[in-house]
Structure formats: C-alpha cells, structure tokens
Protein chains: 2
Amino acid sequence: MTISVIGLGLIGGSMAIDLKRRGFADKVLGVENEPVNASAAEKIGLVDKVVPFGEAVREGDIIIVAVPVGAAVRMLPEILDIFREIGATDKIVIDTCSTKSRIVRSVHYHPFRARYVATHPMAGTEYSGPWAAMPNLFDGRACIFANSEESDPKAVNTIEKMYDVLNMRPIYMNADNHDVHTAYVSHISHVTSFALALTVLDKEKDEKHIFDLASGGFSSTVRLAKSNADMWVPILSQNRDNVLQVIDTYIDKMKEFREAIADYDEDRIRGLIGEANRIKKILR
Amino acid sequence: MTISVIGLGLIGGSMAIDLKRRGFADKVLGVENEPVNASAAEKIGLVDKVVPFGEAVREGDIIIVAVPVGAAVRMLPEILDIFREIGATDKIVIDTCSTKSRIVRSVHYHPFRARYVATHPMAGTEYSGPWAAMPNLFDGRACIFANSEESDPKAVNTIEKMYDVLNMRPIYMNADNHDVHTAYVSHISHVTSFALALTVLDKEKDEKHIFDLASGGFSSTVRLAKSNADMWVPILSQNRDNVLQVIDTYIDKMKEFREAIADYDEDRIRGLIGEANRIKKILR
C-alpha cells in the first residue's frame, strides 16, 4: 500500500515512520510546502520521496492530511475533487486535525464524502516540524473517529486497521461532541499555559533571575506554551464557541480563588483545593 | 551528627532518607503528629525513631522543620525558646517552607535568631505523606537561603554542607524577594492547575466520558492540582499579596486571549502565542 502524507510535521512525520517501519505502508510519499522542512524530512528519511500535492493524491492509496486545520479545511475538498475527476472509488483521505466540526461540514455534501474518514489521533508533544517526528508516538493513546457513519464502512475499516498498527484505541464520536470535549481536555490547557508563560515573561522584564527558581512543577504547567502558533491559531479560532465557554468557566474559577485568598478565607481555599484534588481519581 | 526531622512528609522524609544514606546523619529522629503517618514512617524506615517534639529538639544537632508553613511559624519560636532554655548555642534549626517573609519576621527579634537558617529546597512532587518520600529528590535542584545574613555564619556553613550532600545548588536571597519569585514560578502554577481541574470536573457532571480524551498535555498541565491542601492553604494565604498580583496579571492575559478568540482575530492570537513561545528559550 502507498501512503501519502501531506504535512511532514510532528503528526504526519511520526505516522510516516511507524506505518513504514511496521509494514503497513510499502511506500510513503510526502508533501511539504516549506522547503527547509521538505529537505529535512527527506534527509531524516521520514518518507521515500517528497512529491507535489497532485502526485501524492493520485499515487496514494491512503492520503493523510496532517496540516493545521485551517489549511486542511481548504485542502480536503480539493482532494475529494481529484478523487472524483479520476474516478478513484477505492482511495481514502483522512485528516488528523484537533477540531472536527468545521472540517466535516466543509465536505458534507461532496459527492465523494464517503471516501473521507475524519480522525483525531490524540497524541503529540509541544514540539513541531519534521525533526519533532518520532517512533511510537501514538502507542496506547486514543484516536477519535468523528461522524464515521458518513464514511464508507470499508474505508473506515481500513483506517481502523491503520490506527491499530499505530497501537491506538478507537473512540467513535459526533464531531460537535468531539469539539466540546477537546475544548475541555486539550484546548483550554494550551490557553492556560500560554497565559502563564506571558504572565511570567512579563515579570521577567523587571526580575531577570526569576527563572532561576522555576521548579519542575512550573515547567510541566507551562510546557504546552512552547506549542506552535501555526497549529493553534486555527484550532482556537475554529473551536471559538466551545473554547470561549471553557475560558469563561475557567476565569470564574480563578476569580473564586482570588476572592478566597484576598479574604484570607482559608476554609474556602481548602474547600476549592479539596474539590480540585478529585482530579487524582480521574487521572491515571 | 543527629538530625531531627519534624514532619515526615514528602520533603522531611526525603531529606531523612538521603542524609542518612549518604552518611551526613548518624542518627535521624522524627516527629510526626499524625499517628498513621508516624507508624508508616517508622515502618518504611524513614527515621531511626519517632520521638516527641521536645525530645527531638533536645537530641538533634540540626532540627529540620518540614511542616506546612502555618504550623512552622508557630513552631519555630518554640524551638528557639528551647535552645535558649538549655543554652544550646551549637544547635541549628532550619525550615523548608515555600514562603519565607512571615517566618523570618516571626523570629526576627528572638535572642537565638542566629541559630535559625531559613531555607527553601525547591523540589517536590504533587504527592504528600511519608509514602511520597523518595531518595534523590533534591539532586540538581536549587535551594534558597533567605536572609542568611541574620544567621550565624558557621550555622549557615553547616547547612550549606548539608544541602551539598543533597546535591542542591544554593541561591541567596532576601525573604521578600523569594516570595515574589515563588509567587510567579511556583504558587501561580498551582492555582492555575487547581482552577483547570475545577473547570473540567464541573463539566464532567454533564459529560461522563470527558476524561477518556485527556491527553498527555492535559495531564501535565493539571498535575499540580493533586497537591495537598494542608501545604497549599497556608502558602497562598501567607503569600497573599504577591499571589493576588500574579493572579490579576494572569487573568488579564486570559482575557486578552478571550477577546482575540471572540473577535476571530487570528493575527492577535498568533501574536500572543508567539510571545508565549519565548518561554522555550528560558526553560531547559
């Protein structure tokens, strides 16, 4: 099987590595518009060959769209158009984006809609680019299939097998639900990390040595603030309504803490921390 | 040398382990008011013996106060009083608390003030209790000495040697500065994690399966929300003014994100993320 990966960053690159290494793909073609990244991807050996977009779509049995969601929304109908032009009723295109509502809406009425499987492999690091790609990134993590009833069942089955090779467990979900869930368990934590970084960086202007004291706790809380703007701008923008709702709840919680601390109300601080501690039972 | 550790939790217990194991202490006495923790500490072998408070103070060459800062502020003058009663001009007491202004103020005029060395070993995990104690917890981390000019230089020197055995690098700082710095690089990240946990736990009431999607990023951002209320209530309360100032800056940053997302202002979101990304250059 030939796999074409469009976007040779952390996700696309890591999929390319394991799908080839584990024998699911005989050949991996890559598309990468950024020349430096394209050369790096070839040099690292992420893909067999970097090719133009049209060639990748025409040659690949499975086309993996692993670009920021804004670009993916523009690209996906083009790919289905090519499928239609060449009458490719056996090719499959998937995306790996972190928001799903808008992208599934963008091709809802496309005559080749059934050849598209919307997925979100829930794995990653705060790094990006082909040099961030790594083996085993997806092992043991969840992969969402969104609105899979709109896809051809055989196509879904093939993609299930592909993610099985990546050792991911599938979860099936409506695209709108997916976007609510990810706003809570992924998108908000990026915004809180960005805001934390900005807060401390602001202070650093006056206090040069403030980071000398940064502990492991600070590093882990702020880690996601290293995340890439190209990826996160369209996610936050496309998932606007859900993200705003979570931000509002979150700011309310911060204000509750603020008030309790301002009032020296130790019982209330204790109550809030005690409630927050319930997270122990939930996180592994 | 006999070391008495008051409070056999994560910090006290971990110091006990390495000071004994690495030969700095010949004997380690422990004080622990919570009976279950006291039995556990003896059973695990954190200390040679659990003894009453007075005995620990009288027998120890170095007394390590490793209890929540509220209790430490009450306990420290009592210990210096005992030193004075028995004319112990060679004993040393240290604390390990995460706020320093109030505790150094509490004994500023004590006739035996010079026997006290205020320290803050910047290490820890989100777990607590004697079962959370572990070897090598402090290796490579920073230890703050606050207002060390108020302590006897020989006492400071002994404690420097002790922390050297724990492989910590000393940083010398004024207590008030310490509290500003830790508000930014430690205390705020606990508050943001607590608030994040509360936000998601609130939503979980409606959406039972929300945590199925929790990724590694979420886990690391929310990790500190497992932290213990007994420790954190007095820290937030004692460092009230600094913490409030950081919370206010932080809420402003969250609101900037909110506004940019609400306005679909992708350039502004990109600008904020780009600024936040500067954290990369700072964190190792």
Side-chain angles (χ1 to χ4, degrees), chain A residues 122 142 171 181-182 184-186 189 191-203 210-215 217-226 229 232-233 236-237 240 243-244 247 249-251 253-254 257-258 261-262 264 266 269-270 273-280 282-283, chain B residues 122 142 171 181-182 184-186 189 191-203 210-215 217-226 229 232-233 236-237 240 243-244 247 249-251 253-254 257-258 261-262 264 266 269-270 273-280 282-283:
Chain A
M122 303 275 299
I171 296 180
H181 278 65
T182 50
Y184 277 89
V185 295
S186 163
S189 30
V191 179
T192 64
S193 290
F194 291 135
L196 181 59
L198 291 173
T199 302
V200 182
L201 287 164
D202 246 23
K203 186 68 179 177
I210 198 155
F211 289 104
D212 290 353
L213 305 195
S215 63
F218 176 74
S219 305
S220 89
T221 315
V222 85
R223 176 169 75 82
L224 299 179
K226 300 176 188 171
W232 281 95
V233 169
L236 297 177
S237 174
R240 173 184 181 276
V243 169
L244 288 182
I247 289 180
T249 309
Y250 180 81
I251 290 177
K253 300 294 177 190
M254 285 300 296
F257 264 100
R258 194 205 183 285
I261 295 167
Y264 292 109
E266 298 204 351
I269 306 175
R270 180 174 301 277
I273 294 179
E275 258 187 83
N277 282 168
R278 289 200 298 118
I279 203 80
K280 281 185 212 172
I282 284 150
L283 294 180
Chain B
M122 302 275 299
I171 297 180
H181 278 64
T182 50
Y184 277 89
V185 295
S186 164
S189 31
V191 179
T192 64
S193 290
F194 291 135
L196 181 59
L198 290 173
T199 302
V200 182
L201 287 163
D202 246 23
K203 185 68 180 176
I210 198 156
F211 289 105
D212 291 352
L213 305 196
S215 63
F218 176 74
S219 306
S220 89
T221 316
V222 85
R223 176 169 75 82
L224 299 178
K226 299 176 187 170
W232 281 94
V233 170
L236 298 177
S237 174
R240 173 183 180 277
V243 170
L244 289 182
I247 290 180
T249 309
Y250 179 81
I251 291 178
K253 300 293 177 190
M254 285 299 297
F257 264 100
R258 195 206 182 283
I261 296 168
Y264 291 109
E266 297 203 352
I269 306 175
R270 180 173 301 277
I273 294 180
E275 257 187 83
N277 282 168
R278 289 199 299 117
I279 203 80
K280 281 185 212 173
I282 285 150
L283 295 180

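In the text below, chain A, chain B and the rest are named by the order of the sequence lines, each starting its count at 1.
Of the residues considered (Arg278(B), Glu275(B), Lys203(B), Met122(B)), Lys203(B) shows the highest number of contacts with chain A, using heavy-atom pairs under 4.5 Å. The candidate with the highest count of non-hydrogen atom pairs below 4.5 Å against chain A, out of Phe257(B), Tyr250(B), Tyr264(B), Trp232(B), is Tyr250(B). Ranked by heavy-atom pairs under 4.5 Å with chain A, the first of Ile261(B), Asp202(B), Ile251(B), Ile269(B) is Ile261(B). Counting heavy-atom pairs under 4.5 Å between each of Ala142(B), Ser186(B), Ala195(B) and chain A puts Ala195(B) at the top. The residue among Thr182(A), Ile171(A), Ile247(A) with the most heavy atom pairs within less than 4.5 Å of chain B is Ile247(A). Annotation: maximal heavy-atom pairing with chain B below 4.5 Å, among Ile273(A), Val243(A), Thr192(A), occurs at Ile273(A).
Smallest separation of non-hydrogen atoms from Lys226(B) and Lys280(A): O-CE, 3.3 Å. Smallest separation of non-hydrogen atoms from Ala197(A) and Ala225(A): CB-CB, 3.6 Å.
When heavy atoms are compared at a cutoff of 4.5 Å, Leu198(A) approaches chain B by way of both its backbone and its side chain. In this structure, chain B has a heavy atom under 4.5 Å from the side chain of Arg223(A), while its backbone stays farther away. At a 4.5 Å heavy-atom cutoff, the contact between Leu224(A) and chain B is made by side-chain atoms alone. Residue contact with chain A, scored on non-hydrogen atoms closer than 4.5 Å, involves the backbone and the side chain of Val191(B) alike. When heavy atoms are compared at a cutoff of 4.5 Å, Val200(A) approaches chain B by way of both its backbone and its side chain.
Of the inter-residue distances, the one linking Arg258(A) atom CZ with Leu244(B) atom CG reads 4.5 Å to the nearest 0.5 angstrom.
Between Phe211(A) and Leu201(A), some side-chain heavy-atom pair lies under the 4.5 Å cut-off. Leu196(A) places a side-chain heavy atom less than 4.5 Å from the side chain of Phe218(A).
With Thr221(A) contributing its side chain and Ser220(B) its backbone, the two residues share no donor-acceptor pair below 3.5 Å.
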